[in-house]
Structure formats: structure tokens, C-alpha cells
Number of protein chains: 2
Amino acid sequence: MRSVSDLTARARIRDAALALFGADGVAATSVRAVSASAGVSAGLVLHHFGSKEGLRQACDEYVLDAMREGARLADGDLADALDAAAPVRRYLARALLDGTTAATTLFDEIVARTEAWLADGERDGRIRPSSDPRARATTYVAWMLAPLVLGDQVGRLLGGDPADSVVAVRAARAGLEMLTRGLFTDDRWLSAYSGALGENR
Amino acid sequence: MRSVSDLTARARIRDAALALFGADGVAATSVRAVSASAGVSAGLVLHHFGSKEGLRQACDEYVLDAMREGARLADGDLADALDAAAPVRRYLARALLDGTTAATTLFDEIVARTEAWLADGERDGRIRPSSDPRARATTYVAWMLAPLVLGDQVGRLLGGDPADSVVAVRAARAGLEMLTRGLFTDDRWLSAYSGALGENR
DNA sequence: GACTCGGCTGACCATCCGTTCAATCCTCTG
DNA sequence: CAGAGGATTGAACGGATGGTCAGCCGAGTC
């Protein structure tokens, strides 16, 4: 078989869909636009994926697998796993926002892994203890995902060229600085929230 | 004049559009769906806003104004400003992702305000110094915006009921804990990035 | 060579879309 | 009361969309 990596028409369609769905959103992308971008007829797209929704699900599963693979290779922090997501960054961001089942599953898995990783670190003394480990893991993941979702905005402010590696390093370093040395020098804001979980806002 | 607050048809259409655009995205929302949700005819929507694109811009400007108003009332931290965004949370998140001019403007303004606020705090000793103030301000804003963009995911993991105030408090408290006491106990990760700005990843 | 079968196409269809437009309705003004 | 002018409607149109289908093509099988 033509196992020449991935050049089968089906894969080309999927890749084209990933790019267009990510750039413009699923609803704003027509089946014909995908087919044209992949260099095939519109009928073939439906032939392979049944429907536009089927194509979307195939993209979801592909991204889910790719992220799992990336996460498997780089266990420990999830910073490297996020690098693996770069090509499908915008697609993933939209999926997260839309609450796709694949995106939801992925988010859950990442939080679970992170919570375990933080607990390990806490035991080893590398990580400070927390009063609410679940909330901390969730918030931490959301923060790590923020540059992924808001990457265009962050990149624009930290240097014109998007996808510039310098931008990612600057943002990562600034983040690590806050998470290592802290940002606030005293507890004035923190204490305002402590024990105020019953508060109504 | 019928100054009964905001119940004019034009405002009802805008509110309906805000909700539907936020829930499903602009492209996935038809003018007819907006008109039905607002209880008017499709023609009236176009009569008032010229086109669907005009409606989208009107929504953008409305959100921009609302956020500026919210930010003006609560200067200092931007946590309160984000509360003002709750009703249009999903709309804003999509606009940020799509790089709408209004969203871009808003992001820039927030970062500028935050950078100034952090600089003030640094001078007063409330905020720790930074090696890259611009990157820190940008990353900080991205982090504060993360629960807004990923609110559905965060809410799901921190308690079934979305829009539950307890969720927001838990997440906020966990975040403040990390930003006050720090997360990592040593510099192992931070030092890996220090002075490595020429690194290629 | 005859046959098969999956990849692949182009024409076609019903539907929905954004938009236009003439005609109504409502309310205010004189 | 007459009329003017904006708000509002419903029908209509051209175009694009998602989906179906009959059939072509080319490689493998007997």
C-alpha cells in the first residue's frame, strides 16, 4: 500500500479541514472549501466522512490522539505537550470553547495528570501545599492553556511575528517567575478570599 | 420618549444576537434565528443594522463599551471588570479568538492598564520586580482571562453548576495562592529559562 | 480478457442563507 | 382630521450550502 507516510486523500482532507476549521471555525467553513484546499471534489469529502459532522469528529479524534501522543512523550510538565499542539492550536482552542466531547475529555485528562503531578511534587517538596488541590490544578491548567487560546493576542503584544519562538520563551519565563517567586509581596488579596467561600459573589 | 431602560426592539435584537453569537458563534447563527429570538421579523434586523456584519460590529462596540464601563467602575485589579463581562463571556471569548478589532483593542487596553498597575505596585513594594514587565503584564492578563475563555471547562471540574459563584471563588483563591506564595519551591524551572532567550524552542 | 471493487467525480436537489423591497402599521405633528 | 415618516412585516430572489447519486476510472483477481 502507498504507505508514503500520510499522503492519502483522506488524510489530506483531514489536514485541510483542521487548518480551515481552526482558522475560520467549523460553521464558517464549507465542505467545498475543504475539498478545494485538499485538491479533491466535494463529493469525496462526504464519501470518506459521511457528513460534515463526521469530518469534524474525525478531526477531533485526530487531535485528541495527537495530544495524547505528545503528552506521552513528554511526561512531567505539560509545557512540551503544548508545543505538540502548535499546528492545531486554533482548532483546539475553538474545540475547547465549543465544549466538544473530545476537547472536554482532553481537558479532563490534562487536569487529572496535572493534579497527580502536583501532588507528587508536593510530597517531594518541590511544590508548595495547597488548600484546594483540585482548584489549583484546574486553574493551573487553565493558565497554561491561556497562551494557547489567546496566542494571537499575546504574540501580537510580545513581538510582531506570531509563531516566533522568542515570544513563547518570554511568556513562559514571565509565567515561571510569577509561579516561583510569587507576584504579590503580601497576603492582602489572598486573605480577602480566605475562608470567604460562602461569600455570594 | 420610551426611555423604559432598554426594551427598544433594536436593543432586544442586539441582546439576542449577543447571546446567540456567544453560544454558537457568528457564522453558525442566522439572521432569522436572531430575529426569532428577539421576537421580530428578519427584515427588521437588517433595517436596523444594515447587514449581519453590521449587527456583529454593533455587538462588538456594545461589549467594548460595557467592558470599559466595568473597568472604569472598578479600577485597581481587573477581577471586578471581568465580573461585568459575565453575561457576554462566551461572546468575548470568541471575539478574542477571532481577533476582532474590538477584542484586540480591549486586550491592548487591559494589558496597558495592567502594566501600569503592576509598575505602580512595584514602586510601592506590593508587587515583586520583574525582569520583563511587558511580558509579565501580558501573561498575567492572559491568565486572568483564561477562566473567562475556558469558563465552561473550569466550571465543570469545580462543581457541576456553571455560573456558580462558588466555582469562581475557588478558582480565584487558588490563583491568588499561587501568585502570593508561589507554586514552585525552588528555581529549577525558572533558571532553565533565565538568560536562555536565544534558545530555539 | 472479463470481472470486481473502492476511490473518485460532476451533475443534481432541497434547503437555508443574507438581503431587498413594496406595502402596512403606528405614532407623532400640525 | 390629514399627513408624514419611521418602525415593522412578509414575500420574494439569487446564491451558497450540505447531501445524494449514477457512473467513470484504475488497479487487483481469477
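Chain letters run A, B, ... following the sequence lines, proteins first, then strands; residues in each count from 1.
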query = Just by distance, with hydrogens left out, do Arg173(A) and Ser131(B) show a side-chain donor and acceptor under 3.5 Å apart?
reply = yes
His47(B) vs dT20(C): side-chain N/O to OP1/OP2 distance below 4.0 Å =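 No, outside the criterion.
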query = For dT17(D), does either OP1 or OP2 sit under 4.0 Å from a side-chain N or O belonging to Ser30(A)?
reply = yes
message = Whether Arg94(A) and Asp98(B) form a salt bridge (side-chain N of Lys/Arg under 4.0 Å from carboxylate O of Asp/Glu) is what I want to check.
response = yes
By nearest atom, which of the nucleotides [options] is closest to the [X] side chain?
X: Lys52(A); options: dG19(D), dT8(D), dG7(C); result: dG19(D)
X: Val31(A); options: dC8(C), dG18(D), dT9(C); result: dG18(D)
X: Leu46(B); options: dG19(D), dT19(C), dA7(D); result: dT19(C)

query = Base, sugar-phosphate, or nothing for Thr29(B), non-hydrogen atoms under 4.0 angstrom?
reply =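 Counting heavy atoms under 4.0 Å across all strands, the contact made by Thr29(B) is with sugar-phosphate only.
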How close or far is atom [atom2] of [N] from atom [atom1] of [X], stated in whole angstroms?
X: Ile13(B); N: dA7(D); atom1: CD1; atom2: C1'; result: 10 Å
X: Arg56(A); N: dG18(D); atom1: CZ; atom2: P; result: 14 Å
X: Leu44(B); N: dC26(C); atom1: CG; atom2: C1'; result: 13 Å
X: Arg10(B); N: dG6(D); atom1: CZ; atom2: P; result: 15 Å
X: Leu20(A); N: dG18(D); atom1: CG; atom2: C1'; result: 16 Å

key: Plane angle bin for Trp117(B) and Phe184(A) - parallel if under 30°, tilted between 30 and 60°, otherwise perpendicular   = perpendicular
inquiry  = Would you compute the distance between atom OG1 of Thr104(A) and atom CD of Gln153(B) and round it to the nearest 0.5 angstrom?
reply    = 4.5 Å
query = Starting at the 5' end of DNA chain C, which residue's closest nucleotide do you reach first, Ser41(A) or Arg32(A)?
reply =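 Looking at DNA chain C, the more 5' nearest nucleotide goes with Ser41(A).
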